[in-house]
Amino acid sequence: MSSCWQHCVKCVNKFLIMEEKVLGTFVGEKISKVRWKPEDLIESNTFLTGSWDNEFINNNTFVVSSSTGSVKLFKIEGKGSRSSEFKEFNSWNSIHYFSFERSSPCTGLACFEEDIATVGEDGRLVLLTARQKRPVRRIEKADSCSLHCVCFLKHNEVLTGNLRGQMKVWDLKNPADKPATTFMLSGEQVAASCVTHHPTQCHMVLAGGEDGSLTVWDLRRNTFPVTLLSAHSDTVSELHFHPDRPEHLFTCSMSGEVWHWNTSSMSRPARLGTTLPEFSGDENPWLNSDAAKHRLEVFTLMPQLHKPVNSLDVNKNRVVCGCDNEAVYVLKNIVL
């Protein structure tokens, strides 16, 4: 984890050919986060690598959090990766801290348009907006232990996950600092390492665990997991649905693995004469436990690395990932 934000962002646009579909380059520092720069309707050729967490607000604005408990908003100025510069647009210093003014790492953040939600090892949930210097809201005792991950379910609804595997849904319209719903990642106290929701069906939530598992909930019905899958052999570092093709999921792990999960075949009607179950067009295969366990297709996108893969991001048919071996990899021509 970087100790200060100044050294956490770098543009990378030069790669060394490893294989036909895998390109990599040594960058000289451990990569904790990586994100494609969004482009309108075209394939992006620029991505950012960074510190503990970062997210894009729009095509030219991104947010960075740090181990000092601070969050900063940057704008990308200039055209082209070589001429681009980062200009600080806003900052929120030391919004996460322990007692006696000791700084607490900001362990996760999420964006919804110009709204930002952050969590930290101090157990706080802090709500920010891009154009305002002061935090919009602080939930001082959102959790009694370290919070690891956060995501927006809706504009006024946030989900957090903690060190003990406890998940909480927060209704931001409610002035009371109490969660609307609380549930567990699994039957055991396994830390939630990352969380996301389905791009078009926000009631479907998917979380990665410290034990390498993937857990799926349907928040419309109950708070018990619909599907629990044994996946990676170590902590799931990050998981992303493809933004345009959500039947595809991508995960990376502390075990050095990068996987592609494909549910396309599970969404197709069964062929005549077969006994495979049929799925309607609006049914999500992840919410069918038996189908997910027995018909889910999983592909390894690159040879297993000997260091943790900390972050990945998806753009069109390419995946970019960053690793503790101080290298960045671009995986091309992913079959969707």
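- Aromatic ring centres of H248 and F241 lie farther apart than the 6.0 Å criterion allows.
- With sequence neighbours left out, E113 forms a salt bridge (Lys or Arg N to Asp or Glu O under 4.0 Å) with no residue at all.
- Residues in residues 213-238 take part in these ring-ring contact (aromatic ring centres under 6.0 Å, His included) pairs, two or more places apart or across chains: F183-W217, H232-W259.
- Listed by chain and residue number, K37 satisfy the side-chain hydrogen bond (donor to acceptor under 3.5 Å, both in side chains) test with N60 (two or more places apart in sequence, or in another chain).
- In this structure F98 satisfies the side chain to side chain contact (heavy atoms under 4.5 Å, CB included) test together with R102, S104, P105, E121, D122, sequence neighbours excluded.
- Identified under the salt bridge (Lys or Arg N to Asp or Glu O under 4.0 Å) test for residues 212-232, with sequence neighbours left out: D218-R220, D218-R221.
- Among residues two or more places apart in sequence or in another chain, the side chain to side chain contact (heavy atoms under 4.5 Å, CB included) test is passed with Y97 by R124, R138, E140.
- Listed by chain and residue number, F112 satisfy the ring-ring contact (aromatic ring centres under 6.0 Å, His included) test with H155 (two or more places apart in sequence, or in another chain).
- Under the rule for a ring-ring contact (aromatic ring centres under 6.0 Å, His included), H242 has no partner lying at least two apart in sequence or in another chain.
- In this structure, the side chains of L127 and D115 stay at 4.5 Å or more apart for every pair of heavy atoms.
- Each salt bridge (Lys or Arg N to Asp or Glu O under 4.0 Å) pair with one or both residues in residues 160-186, not counting sequence neighbours, appears once here: R137-D177, D143-K168.
- Side-chain N or O atoms of S193 include none that pairs as donor or acceptor with a backbone N or O of T235 at under 3.5 Å.
- With sequence neighbours left out, the side chain to side chain contact (heavy atoms under 4.5 Å, CB included) criterion links C151 to L153, L159, V195, H197.
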Side-chain atoms of residues 296-309: list all donor-acceptor pairs with protein atoms under 3.5 Å, sequence neighbours left out, distances to 0.1 Å.
residue: Q304; atom: NE2; partner: S255; partner atom: O; Å: 2.7

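- Counting heavy atoms from C-beta on, the side chains of V158 and V169 never come closer than 4.5 Å.
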Stepwise side chain to side chain contact (heavy atoms under 4.5 Å, CB included) check, V236 with L214
CA-CA 8 Å; V236 183; L214 292 183; 4.3 Å; yes
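- Applying the salt bridge (Lys or Arg N to Asp or Glu O under 4.0 Å) test to R134 and every residue at least two apart in sequence or in another chain returns nothing.
- The shortest distance between side-chain heavy atoms of F152 and C111 does not fall below 4.5 Å.
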